[in-house]
Amino acid sequence: MTPRVRFAPAPTGFLHVGSARSALFNWLYARNTGGTMVLRVEDTDASKKTQEFVDAIVDPLQWLGLDWDEGPYFQSERLEQHAAAVQQLVDSGQAYFCDLSREEIDRKAEEAGLPPGYHGWSRDRGVSDGPGVVVRFRAPDEGSTVIDDVIRGRVEVKHATVEDFVIRRGDGSPVFLIANAVDDYEMGITHVIRGEDLLNTAPKVKLLWDALGYGEPPTYAHLPLLTNDQGKKLSKRRDSVALGAFRDEGYLPEAMVNYLALLGWGPADEVEVRPLAEIVELFSLEAVNKAPAMFDVKKLDHINGEYIKALSPTAFVAAAEPWLTGHDTPWAAGAYRPEVVEALAPEVQQRVVKLGEGTDWLRWLFEAPLDYDEKSWTKAMVKGRAADRVLDGVIEGLEKVDFEDPEAIEAVVMGVGNDLTSELETRVLSQAPVRVALTGGGAGIPLWRAMSLLGRNECLHRLRAARARLG
RNA sequence: GCCCCAUUCGUCCAGCGGCCUAGGACGCCGGCCUUUCACGCCGGUAACACGGGUUCGAAUCCCGUAUGGGGUGCCA
């Protein structure tokens with residue numbers, strides 16, 4: 001039997017990294033086994049089914065490169081099947097109506113001296129259906145349900161600890177537990193791969209599964225949770241978890257997927273950064289860890305940096321385009337020249353960890369420095385030896401050098417430093433003053449090629465401005 | 001409270017009874033390269049939670065304890 005897996009997110013308006021990881025592991029399993037991946041939107045709360053909410057799931061998946069073979073299906077479009085299942089359970093006496101509110105349930109528990117929770121109060125009250133009446137599943141009192149989880153092993157839950165849970169709400173809509181059982185059965189799902197936060201619901205779904213007479217249940221695999229640096233489950237409130245936010249911050253989808261695959265799983269050969277195709281080949285559910293994994297942005301950054309370095313200059317320019325030409329670029333729109341970026345891309349790529357950082361290194365090529373970094377100025381111009389003579393010499397030399405030739409430019413600048421070194425019998429560094437004059441700062445990409453691209457006039461202009469300021 | 005789950009360097013992963021004086025990666029620290037910053041390279045730091053078993057032999061199996069996490073909704 002070829003595996004059929006499903007990724008079944010609730011439409012919350014964005015895709016959580018934890019969900020993306022679940023999607024990825026489902027996808028890896030499907031692609032590794034030649035199985036089928038089904039996308040199913042768990043919108044039992046039908047108000048969520050708008051195009052916007054669907055896009056919020058679909059777009060990030062596509063960005064990551066995760067595709068699916070069937071769907072998206074919508075639970076909200078399968079209400080009839082869910083209702084039929086509920087009816088079947090009611091008819092067979094395995095479910096019953098209940099009209100108690102939360103407050104009444106709590107009060108009854110307290111009065112009876114029982115722990116909080118629902119204790120089958122309405123089992124034999126003969127409540128009939130009506131507005132606001134829910135349907136509860138009659139959980140067995142004795143025995144236990146066992147979940148054989150590929151990742152966690154055998155998990156046994158005693159029925160005594162399972163209360164008669166709601167399977168249909170007061171407004172008639174199905175709760176995801178019943179929808180899950182019905183949909184997984186009817187869609188022929190063989191493997192349920194999802195987060196550990198759902199482990200506790202597995203026995204309930206299994207109970208429904210059996211009560212409905214569905215036969216062999218799917219195989220379960222509960223993935224370890226993703227946590228923040230405090231060991232707590234990644235949450236929308238505390239942590240940055242929207243996948244789209246990572247895209248906007250300048251992470252490459254390939255890096256994101258690669259990193260996500262490493263959370264809770266690792267290849268036996270210990271090679272971490274590798275193409276998705278290889279991960280697909282090496283992946284196995286049995287090898288997935290049980291312990292929670294911390295989402296470590298530092299490591300994500302490192303992997304992203306690796307992927308950025310591996311990009312061809314053309315690919316880098318294309319990937320970084322939004323940051324280079326968008327509204328937020330630091331330079332005037334007309335100043336941007338893609339050919340300059342492409343020519344300097346290799347130098348930029350080895351210095352950035354996220355796509356958006358490219359502008360920091362390239363800014364001076366499209367805009368003269370507005371002011372000089374104080375520390376850098378002091379170090380190169382004031383404390384630096386003979387900065388005035390360095391600038392004079394460089395300006396003179398640059399006036400007649402072939403500006404198409406970066407090596408010639410280098411020879412001029414370095415030559416000035418070397419000549420002064422022997423003349424003054426003390427080490428004179430000529431690159432630092434030139435860099436400060438040109439870029440405004442003390443650190444950056446190698447100068448020569450960039451200067452050639454900047455052009456003689458602009459270079460001389462900036463050098464003279466700095467020389468004038470030096471006095 | 002009750003139920004469920006987990007526990008190898010700070011972090012992620014390898015290890016599935018002897019190959020472990022525990023390996024890789026990130027981070028951190030040091031060095032090399034370098035007339036900037038990086039990249040790269042070299043080296044270092046650092047862990048089997050604890051206590052009992054089982055076994056000739058345990059990081060690996062079993063049982064407790066501790067700690068951490070998840071769940072406990074007419075959310076999924």
Side-chain angles (χ1 to χ4, degrees), chain A residues 8-12 19 42-45 48 75 98 100-102 105 115-118 132-136 147 149 151-153 155-158 160-163 165-177 179-180 194-203 222 224-225 227 229-233 259 262-273 286-287 289-303 305 309 346-352 361 376 379-380 384 410 413-414 417-418 421 427-432 434-436 439 441-447:
Chain A
T12 56
S19 301
E42 308 255 292
D43 58 340
T44 54
D45 180 355
K48 301 274 183 60
Q75 279 195 336
C98 173
L100 264 28
S101 68
R102 191 72 238 170
I105 290 166
Y118 182 83
V133 172
V134 305
V135 176
R136 285 181 182 273
I147 301 296
D149 192 289
I151 296 169
R152 329 204 76 83
V155 177
E156 180 174 358
V157 176
K158 292 185 184 61
T161 68
V162 180
E163 65 176 36
F165 52 91
V166 172
I167 58 177
R168 193 208 68 185
R169 302 190 184 95
D171 65 1
S173 65
V175 169
F176 89 105
L177 294 164
N180 245 229
R194 29 119 91 150
E196 195 199 331
D197 50 343
L198 292 167
L199 181 56
N200 287 293
T201 70
H222 286 92
L225 252 26
T227 75
D229 53 12
Q230 288 159 95
K232 301 268 209 284
K233 181 170 89 159
Y259 176 62
L262 262 17
L263 257 20
W265 176 84
D269 62 10
E270 303 191 326
V271 177
E272 297 185 320
V273 179
E286 288 76 12
N289 277 151
K290 303 174 212 263
M294 188 186 102
F295 189 88
D296 184 2
V297 180
K298 286 230 183 78
K299 185 138 184 178
L300 204 213
D301 282 349
H302 172 260
I303 291 176
K309 285 184 193 73
E347 298 296 351
V348 175
Q349 284 170 259
Q350 61 174 283
R351 265 162 264 255
V352 301
W361 299 94
S376 303
K379 191 174 173 198
E410 174 178 10
V413 176
M414 299 310 260
N418 292 150
T421 294
R427 191 85 170 117
V428 174
L429 302 180
S430 54
Q431 188 177 160
V434 172
R435 179 177 295 281
V436 172
T439 74
I445 59 174
L447 248 19

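Below, chain A is the first sequence line, B the second, and so on; all start at residue 1. Remember, predicted model here, so these are calculated numbers, not experimental data.
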Less than 6.0 angstrom from the centroid, inside 45 degrees of the normal: does Arg136(A) satisfy that with respect to the ring of Phe165(A)? no
Between Thr161(A) and Lys158(A) (side chain of the first, backbone of the second, donor and acceptor by atom type, cut-off under 3.5 Å), is there such a pair? yes
Distance-only, no hydrogens or angles: does the Glu163(A) side chain make a donor-acceptor pair with backbone N or O of Tyr118(A) under 3.5 Å? yes
With a 3.5 angstrom cut-off on both distances, give the Watson-Crick or G-U wobble partner of [N], or none if there isn't one.
N: C61(B); result: G53(B)
N: C19(B); result: none
N: A38(B); result: none
N: G73(B); result: none
N: U67(B); result: A6(B)
N: A25(B); result: U11(B)

Whichever of Gly132(A) and Glu156(A) has its nearest RNA chain B nucleotide further upstream toward 5': Glu156(A)
Between Val133(A) and Arg351(A), just flag the one whose closest nucleotide in RNA chain B comes earlier from the 5' side.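 Between the two, 5'-proximity favours Arg351(A).
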Which atom pair, heavy atoms only, marks the closest approach of Ile445(A) to Arg351(A)? CG2-NE, 3.8 Å
Reckon [X] touches a base, only the sugar-phosphate, or nothing at all at heavy-atom distances under 4.0 Å?
X: Gly264(A); value: sugar-phosphate
X: Asn418(A); value: base
X: Pro224(A); value: nothing
X: Ala179(A); value: nothing
X: Ala10(A); value: sugar-phosphate

Confirm from the modelled atom types if Glu196(A) and G70(B) form a donor-acceptor pair under 3.5 Å, side chain to base only.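 Counting by modelled atom types and ignoring angles, no donor-acceptor contact under 3.5 Å is found here.
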Among U35(B), C74(B), G24(B), find the nucleotide with the atom closest to the side chain of Lys299(A). G24(B)
Checking contacts here: which listed nucleotide (U36(B), U11(B), U35(B)) is nearest the side-chain heavy atoms of Ala443(A)?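 So the side chain of Ala443(A) is nearest to U36(B).
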